[in-house]
Amino acid sequence: MKYTSIGAPACAVPLVKAAAAASKRAEPFSARRQPRAVKGLIDGSFVRTANSAVLRRLRVTGTKNTSAVPPLRKTTQRTQLVVRSATSTGETNIPDYVFANDVLVKGLKDVYLSKIKPVETLFKFDAVYGPCLSEADFDSVPNVLLLGQYSTGKTTFIKSLLKGKEYPGSHIGPEPTTDKFVIVMGGDEDRRIPGNTLVVQKDKPFTDLTRFGSDFLNKLECTECDSPLLREVTLIDTPGVLSGEKQRSDRSYEFDKVCQWFADRSDVILLLFDPAKLDISDEFKEVISSLKGNEDKVRIVLNKADQVNMQQLMRVYGALMWSLRNAFDKPEVPRVYVGSFNTEPYRKDINSDGEHLFLREHEDLVKDLYEIPRRSADRKVNEFVKRVRAARTHALIISHLKRSMPNVFGKEKAKENLLVNLEDEFYKVRVEHRLAAGDFPPVSEFRDAIRSLDFSKFPELNKRQLDTFDNVLSQDLPALLMRCDNGGGYYGKLLKSDKFSESPPGQKKRGGVQGFFQNDKF
């Protein structure tokens, strides 16, 4: 009798195939064969349509079996929060942009880890710009940073966004109450995480904060709250900026450097003022100066505007614009929102004519915050391009310094000459490779960062490594954006296909943030 390689009779092969086909037909929906874009979703390696298709199937059939939802271990942190919350509450309309952003972020992460990070490590990019990015930096939810002088209503503003709920450990008062950097994140239950514990958690993008020392970590805290808003964004509450020696002596860490670190990783920066604190002190101006390069993220909030009448408010607004013009040292100033952002009713006894204005301003600000999750992937693409360009310029500078070093004698003297004339060396690199002056780091900061390094051990940039940077910007990234474009391309067509857009009879399909939060507006 003839046997196959697995020891089964040849005549039994058709029977085995027939049995396998029958078993496949009996498999549950989430285990059946899916199109290529969906197959990876089932094992958790991809995102979007399987999650949405399963949820819509459950909605149409009326079943409550949420165990059919595919595993989410390889999706981003925000998608896990949104999908798990939706399945636990019975919500079946998850916005398409959640999954579209997830695909885009996953593509950026793969390109960075496989192509850019090895070159960054080789050319000591972390010595100047900080450590390399981790997976948590890509997977994290968008951040909203709140800055301002003490008692301008930062913590109260967060309370209003959380529908009157105070995050664990918050304290509100007229005196300087918030003495810590508090990261308010979404979670299944309310809890507080000390700073030293937070920075060792690899699944959170805050490990780099160890650079600011133990004194700062003692003033850092993370709180988790169960809130619809916090599934989409992370709010960062900061201590009020003090004046004079209190800002320098009472804080044993570099306050402006910490603010700059958070600003670089935030999607929106809110500067809060109130009518009684319009003067921008030198210390606050230093903090605003640390936001250089992030001016497009800044929004101004004139809080507690109902505590003055309309005539006074007009004068306050003019004085604020004048102060901001001097602080930002630019003719244009960011958007200013005027209102009273708290949980209390407006003070009509003081300003009876401003209620309509405050409501309109409140709606505009809330709309701006609602757009943050939708724009988060665009912001990450923007930061990714900036980082790749900076890494390319850094590698060219390091390679130039290596070629300028002698082979045997006089290395220390040559190093000192290069450091002294570093600005001239920048110009040589700029002319040789036709780079823009804005692509180069500040000379003094770069000099201090590389002074302790051995120039003779620097690597030289070869054509293959240089092509890696160019190919990422000219080929890999455009292809990824085309793939994830909702208006066209493969992924956009998949989102619009009838296969994954069915809705229950008589129910109009909803989408976007407003659809998802239609019952949870804040």
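Any value given below was found using the heavy atoms of this structure, including those in side chains, with hydrogens, waters and symmetry copies removed.
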- [ ] Please answer whether the main-chain N or O of Arg299 pairs with a side-chain N or O of Arg335 as donor and acceptor at a distance below 3.5 Å.
- [x] no

- [ ] Run through Leu477, Leu473, Val472, Asn471 and flag the one making a side-chain contact (heavy atoms from CB on, under 4.5 Å) with Gln475.
- [x] Asn471

TODO: Please report the C-alpha distance between Leu220 and Ile183 in whole Å, then the side-chain angles of each, then the deciding distance to 0.1 Å, and finally whether the side chain to side chain contact (heavy atoms under 4.5 Å, CB included) criterion is met.
DONE: CA-CA 8 Å; Leu220 175 67; Ile183 302 169; 4.0 Å; yes

- [ ] Flag the pair Lys297 and Asp264 as a salt bridge only when some basic side-chain nitrogen lies within less than 4.0 angstrom of an acidic carboxylate oxygen.
- [x] no

- [ ] Kindly say whether Ala395 contributes a backbone atom to a donor-acceptor pair with the side chain of Ser399 at under 3.5 angstrom?
- [x] no

- [ ] Determine, for Asp364 against Arg360, whether the closest basic-nitrogen to carboxylate-oxygen distance falls under 4.0 angstrom.
- [x] no

Task: Donor-acceptor side-chain pairing of Asp267 and Ser376 below 3.5 angstrom - done: no

Open item on the list: Under a 3.5 Å cutoff, is there a donor and acceptor pairing between the side chains of Arg464 and Thr468?
Closed with: no

- [ ] Determine, for Asp439 against Arg392, whether the closest basic-nitrogen to carboxylate-oxygen distance falls under 4.0 angstrom.
- [x] no

TODO: Verify the ring-centre separation between Tyr253 and Phe212: is it less than 6.0 angstrom?
DONE: no

Open item on the list: So Cys132 and Tyr112, do their side chains get closer than 4.5 Å, heavy atoms only?
Closed with: yes

Open item on the list: If you count heavy atoms of other groups shown closer than 6.0 angstrom to CD of Glu254, is the number above 12?
Closed with: no

Open item on the list: Using a 3.5 Å distance criterion without hydrogens, assess whether the side chain of Glu361 forms a donor-acceptor pair with backbone atoms of Val338.
Closed with: yes

- [ ] Enter the distance from Leu133:CG to Ile116:CD1 here, rounded to the nearest 0.5 Å.
- [x] 10.5 Å

Open item on the list: A quick test of your reading: do over 12 heavy atoms of other residues, nucleotides or ligands sit less than 6.0 Å from CD of Glu295?
Closed with: yes

Task: Under-4.0 Å salt bridge between Asp467 and Lys463 - done: yes

Open item on the list: Determine whether the aromatic ring centres of residues Phe181 and Phe255 are separated by less than 6.0 angstrom.
Closed with: yes

TODO: Without swapping roles, check the side chain of Thr197 against the backbone of Ile193 for a donor-acceptor pair under 3.5 Å.
DONE: no

Task: Arg265/Asp208 salt bridge by N-O under 4.0 Å criterion - done: yes

Open item on the list: With a 6.0 Å cut-off (strictly less than), is the heavy-atom count around NZ of Lys402, excluding the residue itself, greater than 12?
Closed with: yes

Open item on the list: Between Gln307 and Lys304, do the side chains contain a donor N or O and an acceptor N or O under 3.5 Å apart?
Closed with: no

